[in-house]
Structure formats: C-alpha cells, structure tokens
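Contents: one structure, followed by commentary.
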Amino acid sequence: MRVAILGLGIIGSAWADNLRADGDTVTCWNRTSKGAPGEKPDPAAAILGAELIILVVADPPAVESVLTQLLPALRPGQILMQSSTVDAACNRACAQAIAPTGALFLEGPFTGSKPAALARQTVFYMGGDQAILERARPALSRLAKAILHIGPVGMAASLKLAMNVNIALVAQSLCESLRLARAGGISDAIYFEALKLNASKSGVVDLKESKLRAQDWSPQFSLKHMHKDLNLAVKDVSVRLPLLESVRTIYAAGMAAGWNEDDFIGLMRLMP
Ligand code: NAP
C-alpha cells in the first residue's frame, strides 16, 4: 500500500518503520526534519500518490496547521486518518474541511504507547464510515492488535479521552500506593509481587513497574501529552469529575517542574 505518515514523533516513526519493513511505499513528513527514509519537505509532497494518509501530531493546533497545508493537495479517494489525540469537535471540523476535496476522512485515535507501536500492538479506536475503514484495514491491521469501530466521527475521540482519564487516575493511584509502601519500609520487589496478586493490579502496572523501580522517566507517553488530554477531556463537558480535577492540578505541577517531555509516570517525583 502507498502510505503517507505526517508526524514522526514517538508513534509516527514506529508506524512508518513497521510499514516500510512490510514493503509498503511509505512517504513521510515531520515539522522538524528527521532525515527519515521517504521524508519529504512538506505535507503536500508527502501525500502525493498516497492511498492512506496518517496524521499523528501533538494536539488540535498542530492538526489544524497540518490540515491547512494539506487541503490543496488532497485528491478524491485518498483516505486521511487523523490519529492524534484531540477532542471530538476537532475531528468533526477536520472531516468537514476535507469533504469538498473528495478525500475520505477516518478518525483513528489509538491506545498503546511506544512499546506497543514498535511491537505492532496498537489498538485503534475508529470513527467514521465502516466502508472507508475496510479500505484502510489491510495497512492498519499490520500495526495493531485490535481495530474497534466506535461510531460516527467524534465518538472515537471522546472514547480515547475517557480512556486516558482512566489511565491517568490509575497511574496516580499506583504512585501514591507505592509511595505509602516505601514509607512503610516495604521493598519494591515485595510491593509489586503483592500487587500482581491484588484485585487492583492493572495494565498500567505492567507498563510502568520497571520505570518506577529504575526511576527511568524516558518517555513512552509524555507528560505534556497526558496533560493536554486531561485538559481536552474537561473541555466542552458538563459533567463534574472530582478526581480528575484533583489529578489535573498534579499534572500542572509536573509541567511547572519542567518535566514536559518525560514519561507521565515521572510524576512519582512529586512525592519524594
Ligand atoms: P511526540 O513524540 O511528542 O511527537 C509529536 C509530533 O507532533 C512531532 O512529530 C512534532 O513535530 C509534531 N508537532 C507538534 N506540534 C506541531 C505543529 N504545530 N505542527 C506540525 N507538527 C507538530 O508525540 P507522540 O507520542 O508520537 O504522540 C503523537 C500523538 O499521539 C499525540 O496526540 C499523543 O497524545 C497521541 N498518543 C500518543 C501515545 C504515546 O504513547 N506516545 C499513545 C496514544 C496517543 P516536531 O518533531 O517538529 O516537534
């Protein structure tokens, strides 16, 4: 398949490498040149001839900026999958903006951080027309362990934000529980052995145990992006989420400490 990847951050670069390894023709673009194979100087050049275009950049302003550069180059039948984590309104605006070009829109946020992207274990939450999804599926299935069709454009973004709220709250709970155990003189080895036999064990533990034990804050998923997602989650939503409000202040403190690019589990440092 001819695939264009726009955004060569942690995730986009892993997906591009895997598709290229499969023999797909992969062109790509990044705002700051990375010298990657198939890299083009601008988004319009990168999408030339691509059947599937995957946009995976930071946030809604980044999506809007790249989309503006793309619009004159989009051609009828090309599929644009917007995989950056944004709010539902942003994805609906993207779908509306590209409709006059004849290109087709898919919403494709995902879960699974760097290790999952490298190991083709991403889980995609898809929003949009099922028939468009079926055309993209051959390429996506080689990146993913699951592809869930959620509903019309906007719903997948809402689900993705709900999932990230859960991860952030579970991660904060894990950090506080670990801190309490350490204060009680319990070794990390005993703590994690007991946790794995406890009802509260989670996928977050599987992913972050080694980082917490080694105090390795290198990013699988950066604090700045989780902070962005928690802020997007409360935007336009009228429900009151008291624990989320509290955790947002903790993320703001981590950002103020300058840990933006570190993994979000590095918030453990707020409890020395
Ligand atoms: P990342 O490593 O921080 O990379 C961000 C990318 O966005 C870079 O390519 C960056 O370009 C680009 N970018 C930022 N601002 C831009 C702008 N104004 N115009 C154009 N490009 C811009 O991020 P990532 O971890 O790959 O995540 C990408 C998206 O996936 C985010 O929305 C994130 O929330 C979501 N996500 C990530 C994970 C994860 O575990 N990493 C999991 C699920 C969802 P430069 O290199 O030039 O800065």
Side-chain angles (χ1 to χ4, degrees), residues 4-18 28-36 38-47 53-71 81-88 90-91 94 107-127 140 143-148 156-168 171 203-204 206-208 211 217-233 235 251 255 259-266:
I5 308 253
L6 306 177
L8 296 173
I10 291 174
I11 301 298
S13 54
W15 289 348
D17 288 348
N18 280 335
C28 51
W29 169 82
N30 198 62
R31 178 181 59 172
T32 315
S33 174
K34 297 249 174 158
E39 191 173 323
K40 303 291 178 190
D42 55 66
I47 70 162
I53 301 158
I54 302 178
L55 176 56
V56 58
V57 291
D59 53 16
V63 168
E64 285 159 28
S65 164
V66 180
L67 194 68
T68 306
Q69 298 171 66
L70 273 189
L71 278 178
M81 178 167 106
Q82 200 309 89
S83 283
S84 325
T85 306
V86 299
D87 54 313
C90 176
N91 275 343
C94 287
E107 174 186 43
F110 58 96
T111 189
S113 62
K114 183 178 179 179
L118 292 171
R120 302 171 183 265
Q121 295 293 299
T122 296
V123 175
F124 284 107
Y125 303 141
M126 303 301 302
L140 300 184
L143 300 175
K145 70 172 175 190
I147 300 173
L148 308 181
S158 297
L159 178 71
K160 169 63 189 168
L161 292 177
M163 291 294 161
N164 270 16
V165 165
N166 197 28
I167 289 176
V204 176
D206 295 340
L207 200 56
K208 302 302 182 190
K211 296 182 84 63
W217 314 130
S218 59
Q220 293 171 328
F221 182 50
S222 63
L223 176 69
K224 70 176 180 196
H225 287 325
M226 187 62 99
H227 181 241
K228 172 253 307 178
D229 295 345
L230 300 186
N231 289 336
L232 287 173
K235 197 179 137 203
Y251 275 74
M255 295 290 285
W259 302 335
N260 313 28
E261 303 296 337
D262 292 350
D263 197 87
F264 68 96
I265 206 68

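All ligand and atom numbering here is 1-based and tracks the order in the structure. Computed from heavy atoms alone, side chains included, the values below leave out hydrogens, waters and symmetry copies.
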Numbered atoms of ligand 1 (with element) below 4.0 Å of [X], judged on heavy atoms:
X    : answer
V66  : 20 (C)
G7   : 9 (O)
K224 : 3 (O)
K228 : 31 (C), 32 (O), 33 (C), 34 (O)
L8   : 9 (O)

Separation between [atom1] of [X] and [atom2] of [Y], rounded to the nearest 0.5 Å:
X    : Y    : atom1 : atom2 : answer
M255 : D262 : CE    : CG    : 11.0 Å
S83  : I54  : OG    : CD1   : 6.0 Å
Q82  : C90  : CD    : SG    : 6.0 Å

Exercise for review: Tell me yes or no: between the side chains of N164 and K160, is some donor less than 3.5 Å from an acceptor?
Suggested key: yes

I want to check something: taking the side chain as every heavy atom from C-beta on, are [X] and [Y] in contact at a cut-off of under 4.5 Å?
X    : Y    : value
H225 : T85  : no
L8   : E39  : yes
F110 : L143 : no
L232 : P60  : yes
N231 : Y251 : no
I265 : K208 : yes
L6   : I47  : yes

So for ligand 1, is [X] a polar contact partner (N or O within less than 3.5 Å, distance only)?
X    : value
V56  : no
I10  : yes
F221 : no
S84  : no

Best match, [options]: closest heavy atom to [atom]:
atom                    : options             : result
atom 1 (P) of ligand 1  : E64, H225, Q69      : H225
atom 15 (N) of ligand 1 : Q220, M163, R31     : R31
atom 8 (C) of ligand 1  : V57, N30, L55, D263 : N30

**Study point:** Salt bridge present between D59 and K228 (N-O < 4.0 angstrom)
**Key:**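 No salt bridge links D59 with K228.
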
What's the shortest distance from [atom] to any protein heavy atom, and which residue and atom give it?
atom                    : value
atom 44 (C) of ligand 1 : F110 CZ, 3.2 Å
atom 4 (O) of ligand 1  : G9 CA, 3.4 Å
atom 47 (O) of ligand 1 : T32 OG1, 2.4 Å
atom 40 (O) of ligand 1 : S113 CB, 2.7 Å
atom 32 (O) of ligand 1 : A58 O, 2.8 Å
atom 35 (C) of ligand 1 : T85 OG1, 3.4 Å

Would [X] count as a contact residue for ligand 1, given that I'm defining contact as a non-hydrogen atom of the residue lying under 4.0 Å from a ligand atom?
X    : answer
M226 : no
E261 : no
T111 : no
P61  : no

Review point. More than 12 non-hydrogen atoms from neighbouring residues, nucleotides or ligands closer than 6.0 Å to NZ on K211, yes or no?
Key: yes

Exercise for review: For the residue pair F264 and F221, categorise the inter-ring angle as parallel (less than 30°), tilted (30 to 60°) or perpendicular (more than 60°).
Suggested key: perpendicular

Practice item. For ligand 1, note which part of K160 has a heavy atom under 4.0 Å away: side chain, backbone, both or neither. Key: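 The part of K160 near ligand 1 is the side chain, not the backbone.
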
